[in-house]
There are 2 protein chains.
Amino acid sequence: MNIGEIARRAGVSRSTVSYALSGKRPVSDDTRRKIQQVIDELGYRPNASARALANGRTNAIGLVFPPAGNHYTGMQLDFIGSVVEAAAAYDYDVLLSPSGVDSDHSFQRLLGERRVDGAILMEIRLEDDRVAHLADLGFPSVAIGRTAHPEGGWWVGLDHTGLAAACVHHLADLGHTRVAFVNRPEQLLRAGYESAHRGLDGFTKAAAERSLTVRTYCCGDDAASGQECLERVLHDDPATTALVTLNEAALGGLYRGLAQAGRHVPRDFSVTGVVASRWAETVTPQLTAADVPAAEMGRRAVDLLVERLDHPEASPRHHLLAPPISLRASTGPAGTGTTP
Amino acid sequence: MNIGEIARRAGVSRSTVSYALSGKRPVSDDTRRKIQQVIDELGYRPNASARALANGRTNAIGLVFPPAGNHYTGMQLDFIGSVVEAAAAYDYDVLLSPSGVDSDHSFQRLLGERRVDGAILMEIRLEDDRVAHLADLGFPSVAIGRTAHPEGGWWVGLDHTGLAAACVHHLADLGHTRVAFVNRPEQLLRAGYESAHRGLDGFTKAAAERSLTVRTYCCGDDAASGQECLERVLHDDPATTALVTLNEAALGGLYRGLAQAGRHVPRDFSVTGVVASRWAETVTPQLTAADVPAAEMGRRAVDLLVERLDHPEASPRHHLLAPPISLRASTGPAGTGTTP
DNA sequence: ACGGGGCATCGAACCGGTTCGACCAAGGAG
DNA sequence: CTCCTTGGTCGAACCGGTTCGATGCCCCGT
């Protein structure tokens, strides 16, 4: 069951078995065959802990994903799936860590106890102590998202500012003048979540450029909050004819609120935002949105991390993605702007 | 940085440090304090690989989740989240493995290379070679779902048969007589997925009991497939007035198909099924459904696994859950049964 | 005064790999 | 015919913990 047993049965030394397996030194064809045969017979696989101890690499990466509020969003699911898949292609295992902050128990385990060779961080904040901490330590990591000071870092990010602005311009081009912005929960905005801040910025600036009348809202990550938020929107300004949202989980609730207020989408009211395509397509009418390329981002994050692990001295790299808006069926020309 | 360094600085032997940390032998208060002080100063944490090598436990569990088709469903997300959280409470890390079958590369790594102490299996099939394989090996594992021969196994399952039957009875009580069943993709049904089979069984038997006219369909795990499937339903039998579904991901598409066919839910058409509440609430009208208690199932699976790890000789245990149907807004009395 | 028991500590072996230096035999160059 | 390389193999040390057996010491009972 261990390398000594294999060596004994093959009539060679333990080091020879090791070299036969790793190929780091030449081994004659005869002995290699003999060893391989014994290994196949016994179904031997080298112990991962022992190997990790000996050569200092665990062949595992950590995926740090703090829960957004108290449950996970669909986008996180997409990230997790693509990261696991990409990592598997490089023969890396993925360890999940539900860590919130730098002082977090599970975060410490991953790093301090050397369970992983590198980490991928999700749900980045503009001032993120995890990112700062890892940078100080020189610990190999890649962020999905970027902080306020992204220079010299490894990350793959989304141009939330540009994307939100694109949504505004799309609506302004259609003649909308009174537009609402539905953001992630207030708690996340206050915590400094990148997407919430940059999205809000992009929205506000573009709206000013186009001289739109706007109101901005925070909204819980669930359908009930979405519905309640939409009621607030129409209560505050019944003449609102369109909204932009970053809040995937609230989308169904927003639609329900519109239906109950008797606003038909897209005839009376236009909806757009930044949402992964697979969720944009579950609502009716399908959402015109900037599709978050979650699968691609996860894959690229792994590519970057592996590159960093293989070349410790490589200089920092990043990818900033700005997917175009996919026209579906939830936006249309502005109507009268009052009750239908 | 390692235990020898701590020992040196504290002026004791390595074993004393180890005992001070583990408490497995008495250590005087003086030395314990001294050791603790050095540890705090240096921020020392014991190396996980070394520890795992020495005592044969990695303190990690594997979560084996084959992708359903080519992407992940919302329910899988809920399982992953709850498993990670529950495992963290027991100080276990979670390793994700996208393994499909027994011969899978990543599955072999997890088990063969002893990366984990135990495993939680998702997406169980009636005849599941992974479950059989692990049972043969005596490897500690817990299944989320149950095979055709669940006796003597460790699992937490859902009574899909009973749940689907409950949906049928609910619809029959409302006077529906022509009902469709929308299952998971055909590929999964053919592969023997438990939920697809048991759900179909429960539906069929209950429908026979109540003398309903039924048709059953398989449907891809996405909105477009749902829409297309609903068109097939109404094409095959326009007099259909209700459907039962297990397919969470297709739900949005089913609703869209109904809207485009001019069927109002629940006035002209009732929809129900087995779906996690958080997804049932995103559609409008909200889905009357048997709520899959994904969070509870994940937690219980971890509880069971930890129990099994702590007491290797414990006799097998399981939980079979049968949540009641939550009445929301998507079902109503049968109407005329023809076009509105 | 002496023996025994418990406490605190130490040294060494071990877990299962990897890797370095040494060794020997065979082959090629001078 | 040497000498030097190179290919193939081995033994030993090492990675960083845990654990067992031994030892020294102090205190107590008799």
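Chain A is the first sequence line, chain B the second, and so forth, proteins listed ahead of strands; every chain is numbered from 1.
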**Message:** Between A/Tyr19 and A/Val12, is there a side-chain heavy-atom distance shorter than 4.5 Å?
**Reply:**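 A side-chain contact is absent here, since even the closest heavy-atom pair is not under 4.5 Å.
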
**Item:** Any side-chain heavy-atom pair of A/Phe65 and A/Ile144 under 4.5 Å
**Value:**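 They are not in contact (no side-chain heavy atoms under 4.5 Å apart), so the answer is no.
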
As a test of reading the structure: which of [options] is closest to the side chain of [X], going by heavy atoms?
{"X": "B/Asn47", "options": "D/dC10, D/dG17, C/dG17", "answer": "D/dG17"}
{"X": "A/Val27", "options": "C/dT18, D/dG17, D/dT9", "answer": "D/dT9"}
{"X": "A/Lys24", "options": "D/dC15, C/dT19, D/dG17", "answer": "C/dT19"}
{"X": "B/Arg25", "options": "D/dC20, D/dT18, C/dG16", "answer": "D/dC20"}
{"X": "A/Asn55", "options": "D/dG16, D/dT9, C/dT19", "answer": "C/dT19"}
{"X": "A/Ala54", "options": "C/dT18, C/dA22, D/dG17", "answer": "C/dT18"}

Using only modelled atom types and a 3.5 angstrom limit, is any donor from either the side chain of [X] or the base of [N] paired with an acceptor on the other?
{"X": "A/Arg14", "N": "C/dG17", "value": "yes"}
{"X": "B/Ser49", "N": "D/dG16", "value": "no"}
{"X": "B/Tyr19", "N": "C/dC7", "value": "no"}
{"X": "A/Arg32", "N": "D/dG7", "value": "no"}

Atom pair distance, as rounded to whole Å: [atom1] in [X] and [atom2] in [N]:
{"X": "A/Arg57", "N": "C/dT19", "atom1": "CZ", "atom2": "C1'", "value": "16 Å"}
{"X": "B/Arg8", "N": "C/dC10", "atom1": "CZ", "atom2": "C1'", "value": "17 Å"}
{"X": "A/Leu53", "N": "D/dC14", "atom1": "CG", "atom2": "P", "value": "14 Å"}
{"X": "B/Arg51", "N": "D/dC15", "atom1": "CZ", "atom2": "C1'", "value": "16 Å"}
{"X": "A/Arg114", "N": "D/dC15", "atom1": "CZ", "atom2": "P", "value": "14 Å"}
{"X": "B/Lys34", "N": "C/dT9", "atom1": "NZ", "atom2": "P", "value": "14 Å"}
{"X": "B/Ile3", "N": "D/dC14", "atom1": "CD1", "atom2": "P", "value": "18 Å"}
{"X": "B/Tyr44", "N": "D/dG17", "atom1": "OH", "atom2": "C1'", "value": "7 Å"}

**Item:** Distance, nearest 0.5 Å, that separates CD of B/Glu123 from CG of B/Leu188
**Value:**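 Nearest 0.5 Å value for the CD-CG distance: 7.5 Å.
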
**Message:** I need the minimum non-hydrogen distance between A/His318 and A/Leu304, along with the two atoms involved.
**Reply:**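 Closest heavy-atom pair between A/His318 and A/Leu304: CA-CD2, 4.2 Å.
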
**Request:** Would you name the heavy atoms of B/Gly298 and B/Ser82 that are closest together and state the gap between them?
**Result:**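 Reported closest heavy-atom pair: CA-OG, 3.3 Å.
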
**Request:** Please say whether more than 12 non-hydrogen atoms of neighbouring residues, nucleotides or ligands are located less than 6.0 Å from CZ in B/Arg114.
**Result:**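 Open.
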
Once you apply a heavy-atom cut-off of 4.0 Å, does [X] come out as touching a base, just sugar-phosphate, or nothing?
{"X": "B/Ser28", "value": "sugar-phosphate"}
{"X": "B/Thr31", "value": "sugar-phosphate"}
{"X": "A/Pro26", "value": "base"}

Using OP1 and OP2 only, check whether a side-chain N or O of [X] sits under 4.0 Å from [N].
{"X": "A/Ser15", "N": "D/dC10", "answer": "no"}
{"X": "A/Ser13", "N": "D/dG11", "answer": "no"}
{"X": "B/Ser18", "N": "D/dT18", "answer": "yes"}

**First of A/Asn2 and B/Asp30 reached from the 5' end of DNA chain C, by closest nucleotide** =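 Of the two residues, B/Asp30 wins.
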
